[in-house]
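Shown next, in structure tokens, is the structure this report addresses.
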There are 2 protein chains.
Amino acid sequence: MKLITRNTDYAVRALCCIAEQKQEVISADQLVKSLKMPRPFLRKILQTLNKEGLLNSSMGKGGGFALAVSPEKITLTDVMEIFQGPTRLNECKFRKSDCPYINDCFLKKKIDEIEKEVIVKLKAITIASIIKKEVNVDDKEVRGL
Amino acid sequence: MKLITRNTDYAVRALCCIAEQKQEVISADQLVKSLKMPRPFLRKILQTLNKEGLLNSSMGKGGGFALAVSPEKITLTDVMEIFQGPTRLNECKFRKSDCPYINDCFLKKKIDEIEKEVIVKLKAITIASIIKKEVNVDDKEVRGL
DNA sequence: ACAAAATGATACAATTGTAGTATCATAATA
DNA sequence: TATTATGATACTACAATTGTATCATTTTGT
Ligand code: FES
Ligand code: FES
């Protein structure tokens, strides 16, 4: 039961780092240095975030990434859904097809309730809220996300 | 983000079916008929539940399974932990080792809070509570779990 | 004693999801 | 036109999930 995959984790860290940036854009290489992640992996994540509209990118020399959306408006669920698909706690599939009792099932109803509450809580977590409460490790260092 | 795997799902359905049983024991074959699951898969699940102490089994002719614990005392987390390991929403591993910012990380704190609440809710779901609210499909038929 | 009916124990296989790597194409700038 | 950046895409490695397949062991009834 893992709520957050590494893709999401890395993406959130990257988004925080970009959001804190004073410069207009920050390149993948700079982010690699700050975040200490494998470069190709981070690049793929950045490309995905760009495609999904959370980042703007500029190509060529002096290029890089910037937030396309204000940090207050990027929620944890946004990022999770990009990298992990729809936020569903229980699909109740039965050999690829939906379970036939899906409408009567009390367990399903209970899980769905929990799911709703979890999503509300996850939505309340934004890039902005993460940055604000952040502990400064060192001004030029990686942050505790 | 799947909270419940099929193992857990099947196990819960089986436990419900066993709990509802009037007979002393119910065999794997009978359960297969009621629950319409692949027999070898269900058998493995039943063996696991037995080893973990949720079921008692009797071998030989006329043998089968019965609950070892009252339905009120079997929680969804019990079953989940058997089949899915410890209930943790965010391990924050960084290439096998713990993330170095695990103690400062605000996101981690938030996720941990959510995790605690989810676990409380999952613990509140018991086999008994599932059975009570159950919809009768047909007396001899599979239940909507 | 023996066959039948049940579970116990294990080993194996298929599929999917996660976590990455590697390569080449394309665009912007100086 | 060389350099520095991202874009696109294909590939690999590993782990978890989702099963299947066999054979051994125990109990019961005849
Ligand atoms: S068993 Fe399928 S919805 Fe509950
Ligand atoms: S980034 Fe590791 S605990 Fe948050």
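The chains referred to below are lettered A, B, ... by the order of the sequence lines, with proteins before strands, and numbering in each begins at 1.
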*Whether B:Glu20 side chain and B:Leu15 backbone form a donor-acceptor pair below 3.5 Å*: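 Between the backbone of B:Leu15 and the side chain of B:Glu20 there is no qualifying donor-acceptor contact (under 3.5 Å).
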*Could you work out which one of D:dG19, C:dA19, D:dA21 sits closest to the side chain of A:Thr5?*
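The closest nucleotide is C:dA19.
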Send over the distance from [X] [atom1] to [N] [atom2], rounded to a whole Å.
X	N	atom1	atom2	answer
A:Leu49	D:dG7	CG	C1'	14 Å
A:Ile18	D:dA5	CD1	P	15 Å
A:Leu55	D:dG7	CG	C1'	14 Å
A:Asn7	C:dT21	CG	P	12 Å
B:Leu3	D:dT17	CG	C1'	15 Å
A:Met37	C:dG20	CE	C1'	13 Å
B:Lys44	D:dT18	NZ	C1'	8 Å
A:Leu42	C:dT21	CG	P	11 Å

*Just wondering, are more than 12 heavy atoms of other shown residues or ligands nearer than 6.0 Å to CD in A:Glu24?*
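No, not enclosed.
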Protein-nucleic acid N or O pairs under 3.5 Å, nucleotides 4-9 of chain C:
unit_1	atom_1	unit_2	atom_2	d
C:dT7	OP1	B:Ala28	N	2.8
C:dT7	O3'	B:Ser57	OG	3.4
C:dG8	OP1	B:Asn50	ND2	2.6
C:dG8	OP1	B:Ser57	OG	2.7
C:dG8	N7	B:Arg43	NH2	3.4
C:dG8	N7	B:Gln47	NE2	3.1
C:dG8	O6	B:Arg43	NH2	3.0
C:dA9	N7	B:Gln47	OE1	3.1

*Under the side chain to side chain contact (heavy atoms under 4.5 Å, CB included) criterion, do B:Glu72 and B:Ile127 qualify, and how do the steps go?*
CA-CA 6 Å; B:Glu72 292 79 20; B:Ile127 296 300; over 6 Å; no
_Salt bridge B:Glu113-A:Lys121, side-chain N to carboxylate O under 4.0 Å_ =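 No, no charged N to carboxylate O under 4.0 Å.
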*Can you name the salt bridge (charged side-chain N to carboxylate O under 4.0 Å, His left out) partners of A:Asp112, sequence neighbours left out?*
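In terms of salt bridge (charged side-chain N to carboxylate O under 4.0 Å, His left out), with neighbours along the sequence ignored, A:Asp112 is linked to A:Arg88, A:Lys108.
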_Same apolar cluster (I L V M F W Y, side chains within < 4.5 Å links), A:Val69/A:Leu67_ =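 Linked, A:Val69 and A:Leu67 end up in one cluster.
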*Would you say a side-chain N or O of B:Tyr10 is under 4.0 Å from OP1 or OP2 of D:dT18?*
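Checking B:Tyr10 against D:dT18: no side-chain N or O falls below 4.0 Å of OP1 or OP2.
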